[in-house]
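Each remark here refers to the structure printed beneath this line.
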Amino acid sequence: MRELSREESDRRAAAGEPFALRYRVPRGEGRTLRFHDGVYGAQSKEADDVEDFALLRSDGMPTYHLASCVDDADLRISHIIRGQDHLTNTFKHLLIFEALGAQLPQFAHLPLLVAPDGAKLSKRKHGPVVSVTTYRDAGFLPQAFINFLCLLGWSPKNDRDFLTLDEIRDLFTLEGVNRANAVVNFTEDDPFDAKAVWLNAEHLRALPVDELSRLLVPFFEQAGLHASQEKLLAVTPLIRERIKLLREAVPAADFFFVSELAPYDPAELIPPKKGDPKREDLAGDAALARRVLETAEQVLATTPFDHDSLDKALREAAASLGLKAGPMFQPIRVAVCGRKNAPPLFETMVVLGREVCLRRIGQAAETLERLV
RNA sequence: GGCGCUAUCGUCUAGGGGUUAGGACGUGAGAUUCUCAAUCUUAAAACCCGGGUUCGAUUCCCGGUAGCGCUACCA
């Protein structure tokens, strides 16, 4: 109903008929709309191919197109940088800026981030993936996540991936931005792109220890563990290489901060025999583990509690038992940490302190006694 | 349907008329090691298809195909 007469239009409006206000796009004039996009280069579209778009809804509210252009014109925005899904909308915006008599800003459109199935990322379908709080709560560093995002659709072209904010600022150009959509890799069970996680680990390790330990505080608090700043400072270097996300520090280091170790499988105290690790006689090995722990108790009671002394004393003890380091250290590690995988033993024991180590080893030895 | 944008390893990308098509993540193997990590070495892995242009195209051009976007009184 493009050609309603003025009278007819006024009459209907006066009669209370609802109407939307549209932009009357010039037709049949052979006009070509053009602009230069900072990323996509020269863009053009025939005005005849642009539909008469709404400016005001029937309730009088402006549409996005009108509101954003008026706002941008009002604020004298110099650059409009947004998602590529607005690339074709830009022709409408050109018309609005023109009608406003406003100076045209620079436009640049960025490729879209899409899901592994190619669909554009949306709040509705990919809630947690598009929410920054998801990344913050998991313990992504802002600079790491920005680093990751910048690499989606842009490259420093120097074979480097780990970039600081300053480096990105120096190297980034709109012209260097890719024009194809980029896939963010995530799955049902893993919402994080592996490269984002890797970059986060890199940035984590680039942080000074005291800064990293400060960042860790809230994660321990949230887990209900009381981690003093001082102790956390000592623990941080031990877990720094072992975590990729800040929140992983809690499961990696909780045993430093609990008074009683969570129950663990006593079988882990027993070092595996070479050959068949499962089916050897447990009792014999349990006895061996007990001997290791008892020896360790004696050694630890008298050895100065620093890394080198512990290292030397425990290795000597191993030799005297005719054991290699592996089978010697496993029972101690499990007794002290409550798990098989943990930071290096001597550093760990130093942080825990003699008293705690002896108590935990004693408990483990008792457990084994009952087992045998 | 119309209009627009895009197309290199699984993913992010570099490159560009003649290359062993490079890097990174991830994956496999090995080294190191008190476990786990970290680290190092190493392997597998890509130019969408068809026509041109050219001595020669993955690269340039055209077409196709596919994907995405816009086509709302959503933003």
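Below, read A as the first sequence line, B as the second, and so on, with proteins coming before strands; counting in each chain starts at 1. If you're wondering where the values come from, they're calculated on a predicted model, not measured in any experiment. Below, each value reflects all heavy atoms present in this structure, side chains not excepted, and no hydrogens, waters or symmetry copies.
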request  = Kindly state which residues belonging to residues 144-156 of chain A come within less than 4.0 angstrom of RNA chain B, counting heavy atoms of the residue only, listed by number.
outcome  = A/Leu151, A/Leu152, A/Gly153, A/Ser155
ask   = Counting only non-hydrogen atoms, which of residues 241-265 of chain A are less than 4.0 Å from RNA chain B?
value = A/Glu241, A/Arg242, A/Lys244
ask   = Are OP1 or OP2 of B/C5 and a side-chain N or O of A/Arg179 less than 4.0 angstrom apart?
value = no
request  = Check whether any side-chain nitrogen or oxygen of A/Arg160 sits under 4.0 Å from OP1 or OP2 of B/G23, and answer yes or no.
outcome  = no
query = Should A/Asp265 and A/Lys340 count as an ion pair when the cut-off is N to O under 4.0 Å?
reply = no
Ring centres under 6.0 angstrom apart ([X], [Y]):
X        : Y        : result
A/His203 : A/Phe145 : no
A/Phe192 : A/Phe186 : no
A/His109 : A/Tyr40  : no

ask   = With under 30° as parallel and over 60° as perpendicular, where do the rings of A/His93 and A/His65 fit, or are they tilted in between?
value = tilted
message = I'd like to know if A/Thr88 reaches the base of B/C70 with its side chain, counting only an N/O donor and acceptor under 3.5 Å.
response = no
B/A24 base / A/Lys195 side chain donor-acceptor hit below 3.5 Å = yes
inquiry  = Using the P atom as the point on both nucleotides, what is the distance between B/G22 and B/A46, in whole Å?
reply    = 11 Å
remark   = Ranking A/Ala196 and A/Asp85 by the position along RNA chain B of their nearest nucleotide, the one closer to 5' is A/Ala196
Comparing A/Lys92 and A/Lys340 on RNA chain B - which has the more 5′ nearest nucleotide = A/Lys340
key: Between B/C3 (P) and A/Gln84 (CD): distance, integer Å   = 18 Å
task = Answer yes or no: is there a side-chain heavy-atom contact under 4.5 Å between A/Arg291 and A/Leu288?
result = yes
message = Could you measure the distance from the CZ atom of A/Arg160 to the CG atom of A/Leu151? Nearest 0.5 Å is fine.
response = 10.5 Å
inquiry  = For A/Phe148 and A/Phe140: C-alpha separation, side-chain torsions, deciding distance, then whether ring-ring contact (aromatic ring centres under 6.0 Å, His included) applies.
reply    = CA-CA 11 Å; A/Phe148 169 67; A/Phe140 276 91; 8.1 Å; no
